[in-house]
S.K.: 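Okay, here's the structure, questions in a sec.
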Amino acid sequence: MSELKVYNSLTREKEIFNPITHGLVGLYVCGPTVSGESHLGHARPYITFDIVYRWLMHSGYKVRYVRNITDAGHFEEEGRAAEDKISKKAILEQLEPMELVQKYTNLFHWAMHKLNNLDPTIEPTATGHITEQISMIEKIIADGYGYEVNGSVYFDVAKYNTDFSKKDEPYGMLSGRVLDEMIATTRDLDNQTEKRNTADFALWKNAPPEHIMRWTSPWGMGFPGWHIECSAMSTKYLGSEFDIHGGGMDLLFPHHECEIAQSNVCNHKIPARYWIHNNMITINGKKMGKSYNNVITLTQLFSGDNPVLQQAYHPMVIRFFILQTHYRSTLDFSNEALQASEKGLKRLWEAYENLKKLSMISDHQSMVNTELDTKVNKLLNEFDEFMNDDFSTAKVLANMFELVPVINGIKDQHIAAGSISAETMELLKQNIQFFVEEILGLKSESETDNNKFDGVMQLLINMRKDARVKKDYATSDKIRNELQTLGIQLKDDKNGNISYVVN
RNA sequence: GGUUCCGUGGCCGAGUGGCUAGGCAGAGGUCUGCAAAACCUUCCACAGCAGUUCGAAUCUGCUCGGAACCUCCA
């Protein structure tokens, strides 16, 4: 099998993946801020890293997958209202902060399960790790890279940059920014007087009594800064140096850059070896995001309840839509694109269902069509290769679609069952099943997989068959057409069999 | 202004120096009681200009257009 290669944002190159400890992988992914509902844009990183997680496990690694829940509201920038997002909304909604956080955490988990994302192995919360964060800040201060002003603590970026540039680890090494240029071009913000430098960032923020979320600290009552939670939690659960750190590209700077600086001071190491970033989902060419006021929440997407949506989209359609694109490309949302995905997924899934029912009658080795047999084997064997090439789910799907006509052809007997060898048929069944369900994480759209329903359908199908034999087309068409209006499609195949699909 | 990236056929999207990705839509056909589905065939492409090369959508330069980040953000 080929070696796994991943694109590393840190080096801007595709690199062969080698874990720090043989057989084990530490994976940290920045999780949601549960002060609001998850939207389509949030679905992408979690699906992307679900694929990474699944593929690493398949590759034989024992993976610790840590994805945090940010439930301690990050404040806005200095100068704006001195209250964090969560406390602000809590007042508006007349809810306790914890109640609000719980609500959106539950909703997030619900959506993740709908999208068939596996649960991370550890899902730590920021509020559950206040002491770890405080310890880390104390260490940063002790080492001279943090300073306290009026109960808040800031990270001294300039000092860090000067000292660590000597080790070839300047501030900006991940995002390609040069500190001096940044200082020269940073916008003027109000109330920056506490900071020594505009590029400095908060480690701890003083909070007044009216601020709901606050904790005691060596510097008084307050709450942790923007980036420290990820450093504290990744260090705690994955160690001072771990394998993969993931998240959206928009977190590259400043979030991940600051994480590197903080962790490097505390642990004397760049925290992660491989930094993987997924690209954004756009809508009309613009990033989907709160600031753009163009978000479609996942609940809206699943229900169709948003003016820009022409219909509801099944969670599996969303997953398929995202997997058809490489994770580092932008993906533009439109109803047309989603509808195309819906149809494509349906076709793929039906072929998969057909494949499962194919019997293994291929003992006529003399009939094997070598050319077809070779082609099928090639397409199947490339699944591994494509996944190992920076998780190219789009290519895996393309190959699957090339196999669809082969599967359907055998089913419809356009292609003789013996055209491919028994071994190839077995590989076809195994690989398609494994990659569709276990790696890509697709599952049936229909919720009607039960024997009673199927029994009723078989009854109707048999009635239609009888009517057709009697040439009673009025009855046979009535059964077909009325089922159609219920969203159940009957399909006649060549040899008189009838199958059904629930739309 | 700085940093980074992108521009592929009607739409969505892979891709990389020579070998037509794929999906959706369109056209024609096979099958069918009719239809659907399926299957077969097929149209449409690499933003523009110049260069490197035997050969470029793929490398280089420039031009035009777009995006992300620089502020919470997946």
Side-chain angles (χ1 to χ4, degrees), chain A residues 9 12 29-33 35-36 38-49 73-80 84-85 172 175-178 181-182 184-187 189 199 226 246-255 257 277-282 285-292 295 320-321 324-326 328-348 350-351 354 386 392-402 404-409 411-415 468 471 473 476-477 480-481 484 489-494 496 499 501:
Chain A
S9 303
R12 286 157 214 242
V29 175
C30 290
T33 300
S35 62
S38 298
H39 58 76
L40 176 59
H42 296 108
R44 194 165 193 195
Y46 306 129
I47 289 173
T48 298
F49 290 100
H74 286 174
F75 47 80
E76 307 287 349
E77 69 203 59
E78 278 185 89
R80 294 195 191 165
D84 65 39
K85 283 197 291 187
S175 58
R177 276 153 225 271
V178 177
E181 289 173 5
M182 283 177 54
T185 57
T186 303
R187 296 178 201 178
L189 299 170
W226 313 351
M249 272 185 189
D250 49 354
L251 296 179
L252 219 139
F253 188 90
H255 185 60
E257 201 71 70
H277 292 96
N278 62 275
N279 215 319
M280 302 293 104
I281 285 181
T282 58
K286 284 262 189 254
K287 173 185 163 187
M288 186 178 286
K290 285 164 212 152
S291 359
Y292 295 100
V295 301
F320 178 81
F321 174 63
Q324 263 191 309
T325 310
H326 188 83
R328 276 189 291 110
S329 299
T330 54
L331 174 58
D332 199 54
F333 167 87
S334 68
N335 281 286
E336 293 72 22
L338 260 305
Q339 283 158 9
S341 288
E342 185 177 71
K343 288 179 185 168
L345 174 59
K346 186 167 178 245
R347 196 164 113 85
L348 178 65
E350 284 171 27
N354 290 336
F386 292 158
S392 278
T393 53
K395 286 177 138 189
V396 171
L397 283 169
N399 271 24
M400 284 184 182
F401 275 106
E402 289 206 59
V404 165
V406 177
I407 294 166
N408 288 335
K411 183 220 166 210
D412 288 346
Q413 301 174 359
H414 294 124
I415 299 173
R468 289 182 72 197
K471 297 205 190 297
Y473 296 123
S476 69
D477 286 356
R480 181 179 69 196
N481 296 340
Q484 184 73 52
Q489 183 183 31
L490 293 185
K491 295 179 171 186
D492 301 339
D493 71 21
K494 264 179 108 177
S499 58
V501 175

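Letters A, B, ... mirror the listed sequences (proteins, then strands); counts begin at 1. The figures that follow rest on heavy atoms only: side chains count, while hydrogens, waters and symmetry mates do not. Predicted model, so just to flag it, every value in this text is computed and none were measured.
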S.K.: Looking only at heavy atoms, what is the nearest atom pair of A337(A) and F321(A), with distance?
M.R.: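 Heavy-atom minimum between the residues: CB-CE1, 3.7 Å.
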
S.K.: Side chain of E336(A) only, please: which of C11(B), C73(B), C12(B) is the nearest?
M.R.: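 From the listed options, C11(B) comes nearest.
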
S.K.: Quiz question: going by heavy-atom distance under 3.5 Å, is there a donor-acceptor pair between the base of A35(B) and the side chain of D492(A)?
M.R.: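 Per atom types, the contact qualifies.
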
S.K.: What's the shortest heavy-atom distance between T330(A) and T325(A), and which atoms?
M.R.: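 Scanning both residues, the minimum pair turns out to be O-CG2, 4.1 Å.
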
S.K.: So what does M249(A) touch, heavy atoms closer than 4.0 Å: a base, only the sugar-phosphate, or nothing?
M.R.: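 Contact class for M249(A): none.
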
S.K.: Checking contacts here: which listed nucleotide (C24(B), A38(B), C12(B)) is nearest the side-chain heavy atoms of H414(A)?
M.R.: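 Comparing C24(B), A38(B), C12(B) against the side chain of H414(A), the answer is A38(B).
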
S.K.: Using the C1' atom as the point on both nucleotides, what is the distance between C24(B) and A14(B), in whole Å?
M.R.: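 Comparing C1' positions in A14(B) and C24(B) gives a spacing of 15 Å.
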
S.K.: Roughly how many Å apart are G66(B) and U71(B), using the C1' atom of each and rounding to a whole number?
M.R.: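 So the two C1' atoms sit 22 Å from each other.
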
S.K.: Base, sugar-phosphate or nothing for R468(A)? Non-hydrogen atoms, less than 4.0 Å.
M.R.: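 If one applies the 4.0 Å heavy-atom cut-off, R468(A) turns out to touch a base.
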
S.K.: Pick the P atom in C62(B) and in A68(B), then give their distance to the nearest Å.
M.R.: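 One P to the other, the span is 24 Å.
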
S.K.: Before you tell me yes or no, could you show the steps for E342(A) and K346(A) under salt bridge (charged side-chain N to carboxylate O under 4.0 Å, His left out), namely the whole-Å CA-CA distance, both residues' side-chain angles and the distance that decides it to 0.1 Å?
M.R.: CA-CA 6 Å; E342(A) 185 177 71; K346(A) 186 167 178 245; over 6 Å; no

S.K.: Would one find a side-chain N or O of Y473(A) under 4.0 angstrom from OP1 or OP2 of A35(B)?
M.R.: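 So the side chain of Y473(A) is outside the cut-off, no N or O lying under 4.0 Å from OP1 or OP2 of A35(B).
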
S.K.: Report the base-pairing partner of U58(B) (Watson-Crick or G-U wobble, both distances below 3.5 angstrom), or none.
M.R.: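 Base-paired to nothing in any strand shown.
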
S.K.: Could you grab the distance from atom CG of L338(A) to atom CG of L345(A), nearest 0.5 Å is fine?
M.R.: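 Interatomic distance, L338(A) CG to L345(A) CG, rounded to 0.5 Å: 11.5 Å.
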
S.K.: By a 5.5 angstrom centroid cut-off and a 30 degree plane limit, is there stacking between F401(A) and G23(B)?
M.R.: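 Stacking is absent between G23(B) and F401(A), given that the ring centres and planes do not meet under 5.5 Å and under 30°.
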
S.K.: Under 4.0 angstrom, heavy atoms only, what part of the nucleic acid is H277(A) near: base, sugar-phosphate, or nothing?
M.R.: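 Answer is nothing: H277(A) stays at 4.0 Å or more from every strand.
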
S.K.: Over all strands shown, is E402(A) touching base, sugar-phosphate only, or nothing at heavy-atom distances under 4.0 angstrom?
M.R.: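 Answer is sugar-phosphate: E402(A) comes under 4.0 Å of backbone atoms only.
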
S.K.: Can you identify which nucleotide, out of G23(B), A21(B), C70(B), has its nearest atom closest to the R177(A) side chain?
M.R.: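 Of the options given, the side chain of R177(A) lies nearest C70(B).
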
S.K.: Considering only side-chain heavy atoms of S476(A), which listed nucleotide, G33(B), A14(B), C34(B), is closest?
M.R.: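 Output: G33(B).
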
S.K.: When the P atoms of C46(B) and C5(B) are compared, how many Å lie between them, rounded to an integer?
M.R.: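 These two P atoms come out 25 Å apart once rounded.
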
S.K.: Need the pair for U52(B). Rule: Watson-Crick or G-U wobble, both distances under 3.5 Å, any strand; none if unpaired.
M.R.: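 Its partner: none found.
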
S.K.: Give the rounded distance in Å between these two atoms: CZ of F320(A) and P of G13(B).
M.R.: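 In whole Å, G13(B) P lies 13 Å from F320(A) CZ.
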
S.K.: Within the 4.0 Å heavy-atom criterion, would you say S291(A) contacts the bases, only the backbone, or no part of the nucleic acid?
M.R.: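 Base contact - S291(A) has a heavy atom under 4.0 Å of at least one base atom.
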
S.K.: Counting only side-chain heavy atoms from C-beta out, which of A25(B), G22(B), C39(B) sits nearest to N408(A)?
M.R.: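 Selected nucleotide: C39(B).
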
S.K.: Grab the NZ-C1' distance between K491(A) and C34(B) for me, whole Å please.
M.R.: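 Those two atoms, NZ and C1', are 18 Å apart.
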
S.K.: With heavy atoms under 4.0 Å as the rule, sort G41(A) into base, sugar-phosphate or nothing.
M.R.: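 Base contact.
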
S.K.: Which value, in whole Å, describes the distance between the C1' atoms of nucleotides A35(B) and G48(B)?
M.R.: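 Nearest-Å result for A35(B) against G48(B) at atom C1': 49 Å.
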
S.K.: Taking atom P in both C6(B) and G17(B), compute the distance separating them and give it to the nearest angstrom.
M.R.: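 Per the computed distance, 15 Å lies between those P atoms.
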
S.K.: With a cut-off of less than 4.0 Å, is there a side-chain N or O of T282(A) near OP1 or OP2 of A68(B)?
M.R.: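 No.
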
S.K.: Return the nearest nucleotide to the side chain of Q324(A); candidates are A14(B), A37(B), G22(B).
M.R.: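 Of all the options, the side chain of Q324(A) is nearest to G22(B).
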
S.K.: NE2 of H277(A) to OG of S175(A): how many Å apart, nearest 0.5 Å?
M.R.: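 Here the interatomic distance stands at 9.5 Å.
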
S.K.: Considering Watson-Crick and G-U wobble pairs with both distances under 3.5 Å, what does G7(B) pair with?
M.R.: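 C64(B) is the nucleotide pairing with G7(B).
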
S.K.: Measure the distance from CG on L251(A) to C1' on U4(B) and round it to the nearest whole Å.
M.R.: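 To the nearest whole Å, that distance equals 15 Å.
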
S.K.: Considering every strand shown, what is the Watson-Crick or G-U wobble mate of C46(B) when both distances are under 3.5 Å?
M.R.: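 The base-pairing partner of C46(B), which may sit in any strand shown, does not exist here.
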
S.K.: Quick check: do C30(A) and H255(A) have side-chain heavy atoms less than 4.5 Å from each other?
M.R.: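 In contact.
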
S.K.: So, Q324(A) side chain and S341(A) main chain: donor-acceptor pair closer than 3.5 Å or not?
M.R.: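 Pair absent, no side-chain N/O of Q324(A) close to backbone of S341(A).
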
S.K.: Counting only side-chain nitrogens and oxygens, does R347(A) get under 4.0 Å of the OP1 or OP2 atom of C39(B)?
M.R.: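 Yes.
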
S.K.: Look at all strands and tell whether Y292(A) reaches a base, only sugar-phosphate, or nothing, counting heavy atoms closer than 4.0 Å.
M.R.: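 Y292(A): backbone/sugar contact only, no base atoms under 4.0 Å.
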
S.K.: Could you please name the partner base of A38(B), counting Watson-Crick and G-U wobble pairs only when both distances are under 3.5 Å?
M.R.: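 Its partner is U30(B) (Watson-Crick or G-U wobble, both distances under 3.5 Å).
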
S.K.: Does L331(A) reach a base, just sugar-phosphate, or nothing at all? Heavy atoms under 4.0 Å.
M.R.: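 L331(A): backbone/sugar contact only, no base atoms under 4.0 Å.
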
S.K.: In whole Å, I'd like the distance from the CG atom of L252(A) to the P atom of C69(B).
M.R.: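 In whole Å, C69(B) P and L252(A) CG are 11 Å from each other.
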
S.K.: Between V404(A) and L348(A), is any pair of side-chain heavy atoms under 4.5 Å apart?
M.R.: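 With C-beta onward as the side chain, the pair touches.
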
S.K.: Given C34(B), A14(B), A68(B), which nucleotide is nearest the side-chain atoms of K287(A)?
M.R.: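 Side chain of K287(A) sits closest to A68(B).
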
S.K.: Taking CG from N399(A) and P from G13(B), how many angstroms apart are they, rounded to a whole number?
M.R.: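 Going from CG in N399(A) over to P in G13(B) covers 20 Å.
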
S.K.: So do V29(A) and T48(A) actually touch side chain to side chain, heavy atoms under 4.5 Å?
M.R.: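 No, every pair of side-chain atoms sits at 4.5 Å or beyond.
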
S.K.: With nearest nucleotides of RNA chain B determined for R480(A) and V404(A) from heavy-atom distances, which residue corresponds to the more 5′ nucleotide?
M.R.: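 The residue whose closest nucleotide sits nearer the 5' end is R480(A).
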
S.K.: Can you work out whether G176(A) or A337(A) has the more 5'-proximal nearest nucleotide on RNA chain B?
M.R.: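 It is G176(A), whose closest nucleotide lies nearer the 5' terminus.
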
S.K.: Taking atom P in both G9(B) and G13(B), what distance in whole Å separates the two?
M.R.: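 Roughly 11 Å separates the two P atoms.
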
S.K.: Would you say K286(A) reaches A67(B)'s phosphate, i.e. side-chain N/O to OP1/OP2 under 4.0 Å?
M.R.: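 K286(A) to A67(B) OP1/OP2: side-chain N or O found under 4.0 Å.
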
S.K.: Using whole Å, report how far CG of N335(A) lies from P of C11(B).
M.R.: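 Atom CG in N335(A) sits about 16 Å away from atom P in C11(B).
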
S.K.: When rounded to the nearest Å, what value does the distance between P atoms of A45(B) and A21(B) take?
M.R.: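 Result for the P pair: 13 Å, nearest Å.
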
S.K.: Rounded to whole angstroms, how far apart are CG on N279(A) and P on C5(B)?
M.R.: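 It works out to 12 Å between those atoms.
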
S.K.: Now, which nucleotide makes the Watson-Crick or G-U wobble pair with G1(B), with each of the two distances under 3.5 Å?
M.R.: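 Per the H-bond distance test, C70(B).
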
S.K.: Please give, in whole Å, the distance from A14(B) P to R328(A) CZ?
M.R.: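 In whole Å, A14(B) P lies 10 Å from R328(A) CZ.
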
